[in-house]
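Working notes for the structure below.
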There are 2 protein chains.
Amino acid sequence: MDDVQVKKLAQIAHRKKISAGQTIISDEEPVDFFANVISGAIKLTKTLPDGRQQIVGLLFAPDFLGRAYSKNNPYTAEAATDVEICTFPNAAFERLVGEYPGLQQRLFQHTLDELDAARDWMLLLGRKTAEEKVASFLYMLARRSMLTGCVHKATPGAAAFELPLTRSDIADYLGLTIETVSRQLTRLKTSNVIRLSTNRLIMVPDLDRLAHAAGQEHGRH
Amino acid sequence: MDDVQVKKLAQIAHRKKISAGQTIISDEEPVDFFANVISGAIKLTKTLPDGRQQIVGLLFAPDFLGRAYSKNNPYTAEAATDVEICTFPNAAFERLVGEYPGLQQRLFQHTLDELDAARDWMLLLGRKTAEEKVASFLYMLARRSMLTGCVHKATPGAAAFELPLTRSDIADYLGLTIETVSRQLTRLKTSNVIRLSTNRLIMVPDLDRLAHAAGQEHGRH
DNA sequence: CGGGGGCCTTGACCCCGATCAAGGCGCGGG
DNA sequence: CCCGCGCCTTGATCGGGGTCAAGGCCCCCG
């Protein structure tokens, strides 16, 4: 993306802080903006009429929120932690996309990545055991923390990170109950795959062991 | 899509028949073509190292197979029934996409629809009961058959269609076992929500009842 | 016609994860 | 300081769906 584009984007942008738990987009009302996640985590959820809930996507730092060419999105977006986003009025943004086809391709690429992630998650939801689900979730966060990782731990196969979700959210992400998530976490803890300092801070001494517990045999580095 | 585009597409196209059970794309080898489904059903599957399998997408008549701007796709595509597809060499197709931005937008739109479908399925996999899963699957096919439906049944709230998948495939799509799928089908049959002539031909006397059994209360028509 | 192999159904039993219930921990406010 | 409330953990029990096993149906082939 060249300078001109960045400047034009900046001109129509509007920064915004949102505190944990607030709803950003509801599946009931149309969306008139497009946004970029600056910091924090946003959860996309779907809910059955009787209240059962499933998290169908997690958004982190450089992700997009909202959808091009459609005002109605079929899910609710809620701040999982305190969040900073950068919003663009939909109309202005679409005009810009029209001018710079490269931008559209970027969005396209990003959507393809989201589709891949969704399908990976379908495999997890449909076929993995509770322990594998929890381990997979932690493994995903661990890899993310390696990339984002400002702090390069001395030990190479290890990682440490903070959980951006409550137990309840983790359960909704993995298609489990709160209790099962808790039990599986202590299970992974007692088998020394992970260590918990507080119940939000996770230490992974050996990523390969975690990948193994996640049922994906030395994941694709 | 205007005439010129259609003609250019036709020039580089290559029609192909594939019989049920054959693998079209493997997740191990790169893909050098893009395709359009003409008839039949294609299943996209993911498999865990130990063999557990999940269908992460079903492709029908006007859908696309393959992916722009990436040779590696992370799943296997297999013909669920006998299938006809129309393939395009990747390079030529991408050149064409470059020339006609409208085409790219169409692909984008289609990918967004696939993402929505994947996320709906995540809710199903994570939170629905076995009966709701089977009912949801049938409901999806019933709605599809209404759109595609050449045969307009006299009764409005009803539908009839053929299952494009074996029990085993249905199980892999719903994150269940073969036996559970079978049991839930007989359950829906004995409660008169559906009727089976052969074990592949389904009659739905009342779509709303099916939608209700699917846990989605008079689905969005 | 008879045999064999897919595909599907049905029954019996079991186990993983849900449910129900109790209590611990940490934190903010009176 | 204590109380109350979220959030989390742990235990006891239950049940939906998995597993194992047997058999039915249909079609192809000898």
Side-chain angles (χ1 to χ4, degrees), chain A residues 19-22 43 48 50-54 80-82 124-138 162-191 194-202 213 215, chain B residues 19-22 43 48 50-54 80-82 124-138 162-191 194-202 213 215:
Chain A
S19 53
Q22 266 191 277
K43 52 181 176 166
L48 251 16
D50 65 6
R52 282 173 287 173
Q53 206 172 49
Q54 175 71 39
T81 65
D82 288 349
L124 175 145
L125 291 172
R127 291 304 185 195
K128 288 193 178 178
T129 66
E131 181 172 10
E132 286 169 336
K133 284 179 176 182
V134 172
S136 296
F137 174 66
L138 296 178
E162 191 174 353
L163 288 177
L165 300 183
T166 65
R167 298 292 186 270
S168 171
D169 283 340
I170 297 173
D172 282 348
Y173 200 22
L174 300 176
L176 298 172
T177 59
I178 237 183
E179 295 94 329
T180 301
V181 170
S182 181
R183 274 188 257 271
Q184 296 304 331
L185 279 173
T186 60
R187 207 144 172 278
L188 288 170
K189 192 172 56 181
T190 53
S191 60
I194 62 172
R195 214 161 298 158
L196 301 190
S197 16
T198 74
N199 53 24
R200 286 296 192 99
L201 272 178
I202 306 270
Chain B
S19 54
Q22 268 192 278
K43 52 181 176 166
L48 252 15
D50 65 5
R52 282 173 286 173
Q53 205 173 48
Q54 175 71 39
T81 64
D82 288 349
L124 176 145
L125 291 172
R127 291 304 186 195
K128 289 194 177 178
T129 65
E131 181 172 9
E132 287 169 336
K133 285 179 175 181
V134 172
S136 296
F137 174 65
L138 297 178
E162 190 173 355
L163 288 177
L165 300 184
T166 65
R167 299 293 187 269
S168 170
D169 282 340
I170 297 173
D172 283 347
Y173 199 23
L174 300 175
L176 297 172
T177 59
I178 238 185
E179 294 95 330
T180 300
V181 170
S182 180
R183 275 189 258 270
Q184 296 303 331
L185 280 173
T186 60
R187 208 145 173 277
L188 289 170
K189 192 172 53 180
T190 53
S191 60
I194 62 172
R195 213 162 299 158
L196 300 190
S197 16
T198 75
N199 53 24
R200 286 296 193 100
L201 272 179
I202 307 271

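Since the structure is predicted, the reported quantities are computational estimates derived from the model, not experimental observations. Chain letters run A, B, ... following the sequence lines, proteins first, then strands; residues in each count from 1.
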What is the distance, rounded to the nearest whole Å, between atom [atom1] of [X] and atom [atom2] of [N]?
X	N	atom1	atom2	result
A:R187	C:dG17	CZ	P	9 Å
B:D172	C:dC7	CG	P	13 Å
A:E179	C:dG23	CD	C1'	14 Å
A:L125	C:dG17	CG	P	13 Å
B:I178	D:dC20	CD1	P	14 Å
A:L196	C:dG24	CG	C1'	16 Å
A:Q184	D:dT9	CD	P	12 Å
B:N199	C:dG6	CG	P	17 Å

Report yes if at least one side-chain N or O of [X] is closer than 4.0 Å to OP1 or OP2 of [N]; otherwise report no.
X	N	result
A:T186	D:dT9	no
B:R183	C:dC8	no
A:T129	C:dC16	no
A:R167	D:dT9	yes
B:S182	C:dC8	no
A:T166	D:dC7	no

Looking at B:R187, I want to see if its CZ is surrounded by more than 12 non-hydrogen atoms of other residues, nucleotides or ligands under 6.0 Å. no

Side chain to side chain contact (heavy atoms under 4.5 Å, CB included) evaluation trace for B:T166 with B:R200: CA-CA 8 Å; B:T166 65; B:R200 286 296 193 100; 3.3 Å; yes

Looking for any heavy atom pair under 4.0 Å, which part of the strands does A:G175 touch: base, sugar-phosphate only, or nothing? sugar-phosphate

With a non-hydrogen cut-off below 4.0 angstrom, is A:L176 in contact with a base, only sugar-phosphate, or nothing? sugar-phosphate

Can you confirm whether B:E132 sits close enough to B:L124 that some side-chain heavy atom of one is under 4.5 Å from a side-chain heavy atom of the other? no

